[in-house]
Amino acid sequence: MIIDGHNDLPWALREERAARVDGVSRNLEGFHTDLPRLRRGGVGGQFWSVWVDPALVGPEQVVATLEQIDLVRRLIDAYPGDLAWTPTAELMRGAVGAGRIGSVIGIEGGDQLGGSLAALRQFARLGARYVTLTWSRTTSWADSATDVARHGGLTMFGRDVVAEMNRIGVLVDLAHVSPDTMRDALDASSRPVIVSHSGAQALCGHPRNVPDDVLARIGAAGGVVMITFVPSFLSPERWEWVKAGQNGTPPRVDVGIVADHVEHVRDVAGIAAVGLGGDFDGTDAMPDGLADVSGYPALMAELARRGWSDDDLDALGHGNILRVWGEVDEDYRAFLSGTAGEPIGIAPVVDVAARERAATDRPRVLVVQNVRSSGPRRLIGWLTDAGVDPHVVLGPAGLPASLDGYSGLIMLGGGLMPDDDEEGPWLAAERSLAAEAIEADLPTLGICLGAQIIAHVAGGTVKAKTGPKERGATDIRPLAAATDDAVLSAIGTGAPMIENHQDMITELPPGAVLLASSAGVDNQAFRVGDHVRGVQFHPEVCADDLWGWEEPTDPAPGDASVAELVAAARLVDAENTAASRGMITAFAAAVAAAARRSPTDREGE
């Protein structure tokens, strides 16, 4: 019998079936998971992941998490003969004994807490029994394995998160986090930890995997590492193929390679420290023999062939995770009954007085979002870290009439042209804001469409699809004028930035200063006045964001698939992130300087 540590069916249902749960009792075409295949795979218990796309930011993460919890509960309620709600290990054992598939929730990413330990406590009351400290991006309190490290592991707030999870009986999940975050969490935790879906780094150097010293510490502390089936986490050849752009036939990954990772964790951490977390419906490819959730018997047969006893297979399949989970059930029950002691972190994170103080103490930047999919992504966290208060407004919802009260302006992309008012009727208001910013020489950063609006309003020439197409990670080459520019100087002698269009600014506005070009696009970055800048590339986007791009519908010579673009961008992700963060931090400094100048001072410049 299998209790699997991680399955992403809830998000797949949200995206592919508009969050409907009907049809799961029969074969779900295009999915890894449905009830018949869970039965064939011997799955008796499942941790359902309630992951949230990082394109959603701030409070949206919290709301979407609640929606995903609702989806899981609706799924369980829709199939009472097959699924049972089992928020404790004891209830899981009872469900399995009754022939039902026990179901529980794991939250896959610390950003979903919204920086609030009160949100963590409420998620626990709703049945979340583990929280993955990060997803693929570094948060304000913990470093991710696949993003630039900013903290050297956990911050003090991150340690408070771990302590509060221990107090209320929520398992600390170290999948996705950096090795230093793993070590800090082990130092901070008074309870065993889990890794819900990772591999062994000694066998495959993918950053998502767990190094041997951490494996040994998890085992010594009574925790469990649950092996995932993601091919690029298991095979170094497959990982190299992904990094190189996924061209040609992928290197084969089979059940035997999964078994190698299982055995490595057993050998380093002990038989009591290994489990299974397939990550079905959270990735496209799966190993041969494990194409969907019905494949678990093939893995168990392979391990039996290698000499694993029935007791060892039981420990791997369900015994170890039930033991670790059961060890924190007493904490969980005490929390639910109100006898777990004083909570950590009761000061409100969302507070009217704090917002008023922030409005007084921190300069505000208006961030114009033209469509939800066009960001903002990383820059909100960077602006906040740099002491600026970003105010994100969706264009279709209505823009402010003026920039009164703002010390800066950022305008994002959106797949439109600057005068495309029929499709984007709010663009007239956006052009008006750009004109106001140019006249006041207010710190402004136009990104993609935003840059084209600045050029258009200031008197340049902007046309659709005029020059060479550049898509993916593009080398941006600063010109001499960028050396002394307060913002563009952050990219040094050049940096790979994310690009996705053909050259549209064919003539810069009169008096504009050209700051950077690329091989195919001359006007990549420019400045109007002293403080208004436009860039046609995307500093708010990282490599994994490219998965949201559409495949080329009319490929031109040299066009690459989205998978190829992501793989190439990942190779330069760290360099891209450092340059992008440097630019946004420098822009925030310009905003702070503008906030210190009085309106009279600005008018006299």
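These figures come from a predicted structure and were not determined experimentally. Heads up: numbering here begins at 1 and tracks the sequence.
Leu366 is listed as a side-chain neighbour of Pro400, based on a closest heavy-atom distance under 4.5 Å. Put simply, the side chain of Leu479 reaches to within 4.5 Å of the side chain of Leu514, judged on heavy atoms. Two residues are said to be in side-chain contact when any heavy atoms from C-beta on lie closer than 4.5 Å; Leu546 and Ile498 meet this criterion. By the 4.5 Å heavy-atom criterion applied to side chains, Leu508 and Ile505 are counted as neighbours. Contact annotation: the side chain of Trp239 approaches that of Pro207 to within less than 4.5 Å [non-hydrogen atoms, C-beta and beyond]. Within the 4.5 Å cutoff, no side-chain heavy atoms of Val368 are placed close to those of Leu412.
Here the CZ atom belonging to Arg372 is positioned 8.0 Å from the CG atom belonging to Leu56, to the nearest 0.5 angstrom. To the nearest 0.5 angstrom, Glu499 atom CD is 8.5 Å from Phe537 atom CZ. Taken from NE2 in His456 to CE in Met504, the straight-line distance is 14.0 Å, to the nearest 0.5 Å.
A donor-acceptor pair shorter than 3.5 Å can be found between the side chains of Asn370 and Trp426. In the model, Asn209 has no side-chain atom that pairs as donor or acceptor with a side-chain atom of Ser198 under 3.5 Å. If you check the side chains of Gln68 and Gln112, you find no donor sitting under 3.5 Å from an acceptor. Judged by distance alone, the side chains of Glu108 and Ser49 do bring a donor and an acceptor atom under 3.5 Å apart. With no hydrogens or angles considered, a side-chain donor-acceptor pair links Thr181 and Ser178 at under 3.5 Å. A side-chain donor-acceptor contact under 3.5 Å links Arg378 and Thr577.
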Run His391 and Asp389 through side-chain hydrogen bond (donor to acceptor under 3.5 Å, both in side chains) and show every step you take. CA-CA 6 Å; His391 179 208; Asp389 180 21; over 6 Å; no

Please determine whether side-chain hydrogen bond (donor to acceptor under 3.5 Å, both in side chains) holds for the pair Glu470 and Gln536, giving the CA-CA distance in whole Å, both sets of side-chain angles, and the decisive distance to 0.1 Å. CA-CA 11 Å; Glu470 289 187 326; Gln536 294 209 75; over 6 Å; no

Could you check Ser580 against Glu540 for side-chain hydrogen bond (donor to acceptor under 3.5 Å, both in side chains), going step by step and ending with a plain yes or no? CA-CA 7 Å; Ser580 298; Glu540 87 281 16; over 6 Å; no

For the pair Trp141 and Asp160, evaluate side-chain hydrogen bond (donor to acceptor under 3.5 Å, both in side chains) and give the outcome as yes or no after the intermediate values. CA-CA 10 Å; Trp141 49 272; Asp160 283 347; over 6 Å; no

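Of the possible polar contacts, none joining the Arg377 side chain to the Leu379 backbone as a donor-acceptor pair under 3.5 Å is found. Without hydrogens or angle criteria, Ser144 side chain to Trp135 main chain gives a donor-acceptor distance under 3.5 Å. Between the side chain of Thr506 and the backbone N or O of Thr461, at least one donor-acceptor pair lies under 3.5 Å. Gln61 places no side-chain N or O within donor-acceptor distance of the main-chain N or O of Leu113, the cut-off being under 3.5 Å. A donor-acceptor distance shorter than 3.5 angstrom exists from the side chain of Thr132 to the backbone of Ile107, with no hydrogens or angles considered. With hydrogens and angles disregarded, no donor-acceptor distance shorter than 3.5 Å links the side chain of Asp522 to the backbone of Ser517. A distance-only check finds no donor-acceptor pair linking the side chain of His151 to the backbone of Gly153 [under 3.5 Å].
Screening Asp143, Thr139, Val172 for a side-chain contact (heavy atoms from CB on, under 4.5 Å) involving Leu133 leaves a single residue, Val172.
At a threshold of 4.0 Å, the pair Glu507-Lys463 does not count as salt-bridged, since none of the basic side-chain nitrogens sits closer than that to a carboxylate oxygen.
Remark: Glu15 CD is packed, more than 12 non-hydrogen atoms of other residues, nucleotides or ligands lying under 6.0 Å away.
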